[in-house]
Amino acid sequence: MSATLRPYLSAVRSTLEAAMCLENFSSQVVERHNKPEVEVRTSKELLLNPVVISRNEKEKVLIEASINSVRISISIKQADEIEKILCHKFMRFMMMRAENFVVLRRKPVEGYDISFLITNFHTEAMYKHKLVDFVIHFMEEIDKEISEMKLAVNARARVCAEEFLKRF
Amino acid sequence: MILLEINNKIVEDTLSVKIRNSLAGNKPDSVNVVIADFDGVLFHISNPDSEKSKVRVSISLKFYKDLQEHGADELLKREYGNLLCQTEDGYNISLVLDLENIPTNWEEIVKKIGLLKRNCFASVFEKYFEFQEKGEEGHKRAVINYRDEETLYIEAKADRVTVVFSTVFRDEDDIVLGKVFLQELREGRRASHTAPQVLFSHREPPLELQNTDAKVGDNIGYITFVLFPRHTNKNVRDNTINLIHLFRDYLHYHIKCSKAYIHSRMRAKTSDFLKVLNRARPEPKSVEKKTITGRTFIRTP
């Protein structure tokens with residue numbers, strides 16, 4: 001299973017490095033405004049082709065780029081019901097703190113679990129290679145964290161059941 | 001703390017303080033405390049008719065009528081005998097303790113008063129355990145609405161007693177977590193050979209309750225305990241009652257603990273991510289500069 005993880009993450013990394021070439025671009029539609037073009041989508045010539053990198057049907061990454069912004073949407077592996085609710089809770093928790101996170105989007109794109117929005121202002125204030133590192137690190141850690149939380153719930157359930165039943 | 005305590009610690013502590021105070025020879029103070037317990041049960045400790053030397057403990061259960069049908073009054077008379085008194089307004093049972101004549105075994109009595117809620121429940125269980133022991137069948141099923149939308153059903157057959165809890169999961173996530181817990185309980189035979197059989201049915205009532213007006217719904221679960229004579233015989237009866245009557249609270253307590261734990265993990269992980277993100281920011285370059293003659297000045301970008 002992890003035989004596919006390394007190539008998957010390296011593909012995502014190289015695509016992100018290519019997509020994160022952003023420069024400042026004022027809005028063509030409204031005077032004196034500066035909007036992330038990937039969100040507004042008014043001018044077709046400013047948008048690049050979106051790329052989907054899939055590890056399997058359930059896990060994929062959508063990268064949409066434009067001249068001044070990149071939107072990265074991640075779909076996380078959720079094998080069963082409990083992973084689904086844990087993932088859902090975790091994503092909601094983080095998206096509520098999107099202001100703190102700067103590059104996180106408050107709502108995920110349709111069909112995905114979480115989305116990042118990186119604009120030229122972010123790449124001007126932060127190192128580009130470190131931003132890419134962050135996204136890759138995020139993808140790795142999420143899977144680990146959800147497995148660990150699921151194990152913790154199962155372990156607690158087992159201990160509670162044992163304690164209760166052995167009293168009889 | 002994995003298992004919940006069956007006695008009410010607050011009642012025990014309040015009474016112990018009052019009794020110790022009296023034994024030490026001090027004048028008793030007035031007391032008026034309302035204590036909440038599981039399943040919407042209220043305790044009220046007060047002074048009857050403003051007599052500071054007497055302490056009255058009253059309990060109110062919304063479903064006391066159901067319990068009365070099954071002999072709760074008799075059991076309480078048996079357990080508390082001379083402590084029973086005129087029931088306070090708005091409550092179901094009252095016990096009175098005279099601070100001027102404290103018996104020598106007062107600690108035992110205080111413990112007994114702490115078990116008042118458990119003893120109210122005990123009567124139903126005992127009645128049906130007796131039926132099973134005598135091998136009597138055909139008695140009506142006991143139905144007790146111990147919480148707003150949740151009911152307890154007890155039925156006695158010749159060789160077993162089945163106790164069914166219906167429980168409502170108010171939150172969708174609770175349903176999934178509840179299922180994990182009940183899955184482990186179902187396989188509990190591994191833990192102990194003496195454990196009763198536990199069955200779980202989501203949404204629909206189990207076969208025994210098929211044609212009753214038992215509720216049906218996505219967030220409703222039914223948990224069945226099958227108790228055999230080795231759980232209901234006179235020696236272990238009390239232990240079984242202690243464990244079973246608090247089961248629903250036990251389950252929901254642990255579901256809430258799991259959610260709290262998950263929440264604290266998420267918080268830790270989120271701050272972890274923030275740390276990694278902040279590594280992406282370059283360190284602010286030192287803006288203090290010196291000229292050759294020694295003058296220092298600060299450049300603001």
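What you see below is based on every heavy atom in this structure, not just the backbone, and it leaves out hydrogens, waters and symmetry mates. Chain letters run A, B, ... following the sequence lines, proteins first, then strands; residues in each count from 1. Model, not experiment: these values are computed from the prediction.
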Student: State the CD-CD distance between B:Glu172 and A:Glu81, to the nearest 0.5 angstrom.
Tutor: 9.5 Å
Student: Taking CZ in A:Arg106 as the centre, count heavy atoms belonging to other residues, nucleotides or ligands within less than 6.0 Å. Is the count above 12?
Tutor: yes
Student: Under a 4.5 Å heavy-atom cut-off, does chain B meet the side chain of A:Phe93, its backbone, both or neither?
Tutor: side chain
Student: What option among A:Lys128, A:Met126, A:Lys130 has the most heavy-atom pairs under 4.5 Å with chain B?
Tutor: A:Met126
Student: CG/B:Asp173 to NZ/A:Lys84 distance, rounded to the nearest 0.5 angstrom?
Tutor: 12.5 Å
Student: Do you know the tightest heavy-atom contact between A:Ile82 and B:Leu177?
Tutor: CD1-CD2, 4.0 Å
Student: Which pair of heavy atoms, one from A:Cys160 and one from B:His254, lies closest together, and at what distance?
Tutor: SG-ND1, 3.1 Å
Student: From B:Thr240 OG1 over to A:Arg167 CZ, what is the distance, rounded to the nearest 0.5 angstrom?
Tutor: 12.5 Å
Student: For atom NE2 of A:His88, is the number of surrounding heavy atoms from other residues, nucleotides or ligands below 6.0 Å larger than 12?
Tutor: no
Student: Measure the spacing between CD of A:Glu163 and CD1 of B:Ile2 and express it to the nearest 0.5 Å.
Tutor: 4.5 Å
Student: Looking at A:Glu45, I'd like to know if its CD atom is crowded, meaning that more than 12 non-hydrogen atoms belonging to other residues, nucleotides or ligands lie closer than 6.0 Å.
Tutor: yes
Student: A:Asn154, A:Asp80, A:Ile85: which one forms the most heavy-atom pairs within less than 4.5 Å of chain B?
Tutor: A:Ile85
Student: What part of B:Val236 gets closer than 4.5 Å to chain A, counting heavy atoms only: side chain, backbone, both or neither?
Tutor: neither
Student: Out of curiosity, A:Phe164 CZ to B:Phe181 CZ, how far, rounded to the nearest 0.5 Å?
Tutor: 13.0 Å
Student: I'd like to verify something: which residue of A:Glu145, A:Glu141, A:Met94 has the highest number of heavy-atom pairs under 4.5 Å with chain B?
Tutor: A:Glu145
Student: Determine which residues belonging to residues 256-279 of chain B lie within contact range of chain A, meaning some heavy atom pair is under 4.5 Å apart, and list them by number or answer 'none'.
Tutor: B:Cys257, B:Ser258, B:Lys259, B:Tyr261, B:Ile262, B:His263, B:Arg265, B:Met266, B:Arg267, B:Lys269, B:Thr270, B:Phe273, B:Leu274, B:Val276, B:Leu277, B:Arg279
Student: If I compare all heavy atoms of A:Ala125 with all of B:Pro282, which pair ends up nearest, and what's the gap?
Tutor: O-CD, 3.0 Å
